[in-house]
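FYI, side chains are in, hydrogens and waters are out, and symmetry mates aren't considered; it's all heavy atoms of this structure. Here is how names work: the chains are called A, B, and so on, in the same order as the sequence lines, proteins then strands, and each is numbered from 1. Because the structure is predicted, anything quoted here is derived from the model rather than measured.
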Amino acid sequence: MLTKATDILGVQVQKALAELYQLNVELNTISFQQTKKEFEGDFTLVTFPYVKASKKGPEQTAEEIGNYIKTHCKELISFNVVKGFLNLLLSNDYWQSFFAEILKIENYGIIKANATSPLVLLEYSSPNTNKPLHLGHVRNHLVGYSVAEILKANGKRVSKTCIVNDRGVHICKSMLAWQKFGNGETPESSGMKGDHLVGKYYVAFDKQYKKEIEELVAQGMSKEEAEKKAPSMLEVQAMLLKWEDGDSEVMNLWKTMNSWVYAGFDVTYKKLGVDFDSTYYESNTYLLGKDIVEEGLKKGVFFKKDDGSVWIDLTAEGLDQKLVLRADGTSVYITQDIGTAALRYKDNPDVTQMIYTVGNEQDYHFKVLFHILIKMGYAWAKECYHLSYGMVELPEGKMKSREGTVVDADDLLQGMYETAEATTSELGKIDGFSEEEAANLYRTISLGALKYFILKVDPKKKMLFDPKESIDFNGNTGPFIQYTHARIKSILRKAEYTFNKSDVVATTTLHEKEKELICLMHELPNVIQEAGKTYSPALVANYVYELSKAYSQFYNVPELNIVREENAAVKKFRLALSYKCSEVIKTGMKLLGVEVPERM
RNA sequence: GGUUAUGUAGCUCAACUGGAUAGAGCAUCGCACUACGGAUGCGAAGGUUUGGGGUUCGAAUCCCUACAUGACCA
């Protein structure tokens, strides 16, 4: 069992409060912060909350608690009090034995799931089949994938799932345009990636449609009417009806074009390194919600208006009335979502939570959806969670596909790859790499830069991306962390170090920078837990950066040279410390979906 | 108009959820190479945390208000 410093101290504080002031508090309410650099100590207890019970000033209270711990706890070597802050300093012996303890733990920080662990269903990606993926999707993919990894590390079983929006008016638009202007063009004949080819016709439709509207408006029609009566729009609607009737020609075209898109998506998914355990298609699920709405009508969850449309009244919940079925009996988005949720539950009866990775523009939608599911009486509905993330904005504002201000995912990846290639060959450190190894490395670095760049910011917040300024490789970046890892590996190679569980590692002196590294590693389980609780990869990203930075500082202290250290025990300790750092960096980066190279 | 987010250094982001003198990176300027990998380290400069009130031992964080931006709902 791991003897975490905060656990040891927490118990002591608890006892101190009970014995000194007859105050009984729960262990988990006692929290420590890392002592600020200006003060001496490892952890700090804020004593203001306890002055009521002690009936003494904050300083005296701190003093008394400090004294109590000092006499009862051998790990505590000294303490000091500044105002109401009690700074606790642990002995080097403690930190060394703590390090020896974690050194032996494989996959330190990770809680492994087993067959009986809670099952979480996490939806992400949710693409449309009418256009290629862009930067917004990339954030979705990276956040979704990383949160899945983080939840796994918290001992959960996670099943990643994807819903493909493969039907509707917008899909018919690209189909119609292809029929009209395509001349039988295919991905093979054009050499274009399938999703880009279909996207091209989606744009072509829009162009044609706009032209028609302009003409009609010029003839004196109002803009609104023109939008409804433009010939292309009428054709699209006719096509949608045919699709719903299962017209074989339309169905064939639909299947063909969708298959192009899927092939294109697969390439992008693979490049990004994301995957799914299951995929649902809206074309299969869009009718499912209707039965549930019927059922809800009987239960009185929904009500019918005079025109026959079905609604739910959420005014008591602070929302308003919401349409769930149109007057003509057709479903709206939320009808589908109700159906899909129910189907997923049916497919995974032991699921304990469903998570939806969807942009924050849908915040309202999911509030409504979850309320409906709860009112329908589904036990699992309370555990639904909308993993909402902010939009990625460009310097000129939001991305708009119609205005051509979209950053295409494939272009972005390609650009990153080229930057990685240029930077790496400029530095000239990978002599002896085969072409394949080099290509692999460029891929690793470019993905690392991109993923870290996106994941280091809190998902809830909107973020800014400037395509003109390429993503940095220096400072607080993915490549910096990857570099730190590669550098450690290089040292270990040079020193011919191989990790051995039974090695005894200790040093008589513990340098401040060495201790800092151990303290940081002490935090890893907390960080992973907190990241899981708040669904925030950013916490992991920031942590790994802190650790990498601390390692670089340690590395740059001349008297802490590892390879040239003559004292064998000290050398071994520093090697083991470095080794464990590289492991923790690797673990953290894996939670972000980023690989770390041995050399770069 | 209603609801809801967000507003922190020139720029991009942190701040352990109410704690000590608000921290990093980039950009700028200045250092450190007999280097275990310089994709590095050290230092300087840069802040009235959008403005104004309040709550308390203590506020970037909570409340009220104004402004700005975005998103949803009509």
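An OP1 or OP2 oxygen of B/C72 is reached within less than 4.0 angstrom by no side-chain nitrogen or oxygen of A/K367. Within the structure, every side-chain polar atom (N or O) of A/Q553 is placed at least 4.0 Å from both OP1 and OP2 of B/U40. Contact check, A/K83 against B/U21: a side-chain N or O comes under 4.0 Å of OP1 or OP2. Neither OP1 nor OP2 of B/G23 sits under 4.0 Å from any side-chain N or O of A/K37. Here A/R487 reaches the OP1 or OP2 of B/G38: one of its side-chain N or O atoms lies under 4.0 Å away. Side-chain N/O atoms of A/N474 include one lying less than 4.0 angstrom from OP1 or OP2 on B/U40. Checking the phosphate oxygens (OP1, OP2) of B/C13, no side-chain nitrogen or oxygen of A/K456 falls inside 4.0 Å. Within the 4.0 Å cut-off from OP1 or OP2 of B/A5, not a single side-chain nitrogen or oxygen of A/Y364 is found.
When atom types are taken as modelled, the side chain of A/R443 and the backbone of A/Y417 share no donor-acceptor pair closer than 3.5 angstrom. Put simply, the side chain of A/S146 gets close to the backbone of A/L591: a donor and an acceptor are under 3.5 Å apart.
B/A15 is unpaired under the criterion used here, namely a Watson-Crick or G-U wobble arrangement in which both key atom distances are under 3.5 Å. Nucleotide B/G37 is matched to nothing when pairs are restricted to Watson-Crick or G-U wobble geometry with both distances under 3.5 angstrom. Nucleotide B/U3: paired with B/A71 (Watson-Crick or G-U wobble, both distances less than 3.5 Å). Nucleotide B/A45 forms no Watson-Crick or G-U wobble pair with any nucleotide shown, as no partner meets the under 3.5 Å limit on both distances.
Rounded to a whole Å, the NE2 atom of A/H365 is 19 Å from the P atom of B/A71.
Nucleic acid contact for A/S578: none, since no nucleic acid atom lies under 4.0 Å from a heavy atom of the residue. The residue A/V46 sits close to a base: some heavy atom pair falls under 4.0 Å. Nucleic acid contact class of A/K460 (heavy atoms, under 4.0 Å, all strands): none. Here A/T44 lies in heavy-atom contact (under 4.0 Å) with a base. Within 4.0 Å of A/S552, counting heavy atoms only, lie sugar-phosphate atoms of the nucleic acid but no base atom. Nucleic acid contact class of A/N526 (heavy atoms, under 4.0 Å, all strands): none. In this structure, A/M463 reaches the sugar-phosphate backbone alone: every heavy-atom distance under 4.0 Å involves primed, P, OP1 or OP2 atoms, never a base.
Of the candidates B/G37, B/G41, B/U6, B/G41 carries the atom nearest the A/K549 side chain, counting heavy atoms from C-beta on. You'll find that the side chain of A/L464 is closest to B/C13, out of B/U6, B/C13, B/G37. Listed nucleotides B/A20, B/G19, B/U17 differ in distance to A/P49; the shortest reach to its side chain belongs to B/G19. Residue A/L539 has its side chain nearest to B/A15 when only B/A15, B/G37, B/C72 are considered.
Where A/R564 and A/E523 meet RNA chain B, the nucleotide closest to each residue was compared, and A/E523 sits on the side nearer the 5' end. Of the two residues near RNA chain B, A/F32 and A/N561, the one whose nearest nucleotide lies more 5' is A/F32.
Ring orientation note: the planes of A/F370 and A/Y356 are tilted relative to one another, at an angle of 30° to 60°.
Between A/K513 and A/E516 a salt bridge is recorded (basic side-chain N to carboxylate O distance below 4.0 Å). A salt bridge is absent between A/K322 and A/D313; no separation between the charged side-chain nitrogens and carboxylate oxygens falls under 4.0 Å.
A donor N or O paired with an acceptor N or O is not found under 3.5 Å between the base of B/A5 and the side-chain atoms of A/S388. Residue A/N87 places a side-chain atom within donor-acceptor reach of the base of B/A20, judged by atom type and a 3.5 Å distance cut-off alone.
Checking A/Y551 against A/S578 by side-chain atom types alone, a donor-acceptor pair falls below 3.5 Å.
A stacking contact links A/F85 to B/A20: the aromatic ring centre lies within less than 5.5 Å of the base's six-membered ring centre, and the planes differ by less than 30°.
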